[in-house]
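Below is one structure, written out as structure tokens; the observations come after it.
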Amino acid sequence: MNDELVRAATAAREHAFAPYSRFRVGAALQSESGAIYKGCNVEGASYGLTVCAERVAIWKAVSEGERRFRAICVVADTADLTPPCGACRQIIWEFCGDIPVILANLTGDRVVYSMAELLPRPFDGGFLG
Ligand code: THU
């Protein structure tokens with residue numbers, strides 16, 4: 001499963017639109033149905049409108065009707081494996097819960113964290129009553 005997700009995230013990274021940062025990221029999200037949704041970062045000239053690869057993958061899956069997820073993978077070209085940013089951790093938690101988060105690079109390094117490790121004591125809809 002992890003190999004397939006790493007391959008999909010690596011392929012997604014090829015479509016990254018990152019002319020400002022030149023930092024290209026790919027993500028692959030697997031739903032309970034087994035389908036894999038890919039995402040890449042898409043930057044805007046008004047930098048704050050940029051969307052990370054992870055959120056693109058999640059928005060694609062959710063907008064196709066998916067609601068339950070198994071794992072997400074993030075690929076960037078860094079020796080120190082790139083983790084999801086704080087905003088993405090929040091969204092991964094809200095939509096996917098405590099799933100495995102696979103981090104990988106282009107040279108075969110890989111590590112797996114759980115979302116609970118990456119976002120301790122999370123806020124979510126459960127607090128809204
Ligand atoms: N970025 C992602 O797509 N995912 C991450 O996990 C970290 C950061 C993007 C956002 C921006 O386009 C570029 O990387 C530099 O921050």
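In listed order, ligands and their atoms are each counted from 1. Hydrogens, waters and symmetry mates play no part in the numbers below; they use all other heavy atoms, side chains included.
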**Study point:** Whether C88 lies under 4.0 Å from ligand 1, heavy atom
**Key:**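 The answer is no: ligand 1 sits nowhere under 4.0 Å from a heavy atom of C88.
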Point to revise | Close side-chain approach of L106 and R13, heavy atoms under 4.5 Å | key: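 Counting from C-beta outward, L106 and R13 do come under 4.5 Å.
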Check your understanding: With side chains defined as the heavy atoms from C-beta onward, is the minimum distance between V51 and F17 less than 4.5 Å?
Key ->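 Side-chain contact under 4.5 Å: no.
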Check your understanding: Got an N/O contact under 3.5 Å between E54 and ligand 1?
Key ->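 Indeed, backbone or side chain, E54 has an N or O that close.
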Review point. Taking both backbone and side-chain atoms of T50, is any N or O found less than 3.5 Å from an N or O belonging to ligand 1?
Key: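 No - when backbone and side-chain N and O of T50 are compared with those of ligand 1, no distance drops under 3.5 Å.
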Check your understanding: Would you call the rings of Y20 and Y47 parallel, tilted or perpendicular if under 30° counts as parallel and over 60° as perpendicular?
Key ->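 The rings of Y20 and Y47 sit tilted, inter-plane angle from 30° to 60°.
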Review point. For atom 9 (C) of ligand 1, what's the nearest protein heavy atom and its distance?
Key: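 Answer, as residue, atom name and distance: N41 ND2, 3.6 Å.
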Review point. Any idea which protein heavy atom is nearest atom 12 (O) of ligand 1, and the distance to it?
Key: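 That would be E43 OE2, 2.6 Å.
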Can you figure out which of [options] has its heavy atom closest to [atom]?
atom: atom 10 (C) of ligand 1; options: C52, A57, A53; value: C52
atom: atom 14 (O) of ligand 1; options: F17, F23, Y20; value: F23
atom: atom 15 (C) of ligand 1; options: S21, A16, P84, P83; value: S21

Review point. Any chance CZ of R110 has more than 12 other-residue heavy atoms, nucleotides or ligands included, within less than 6.0 Å?
Key: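 Result for CZ/R110: enclosed.
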Exercise for review: Check the pair E64 / Y37 against side-chain hydrogen bond (donor to acceptor under 3.5 Å, both in side chains), numbers first and verdict last.
Suggested key: CA-CA 10 Å; E64 293 295 323; Y37 295 84; 5.8 Å; no
Review point. What atoms of ligand 1 come closer than 4.0 angstrom to any heavy atom of C85?
Key: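 Selected atoms, number and element: 6 (O).
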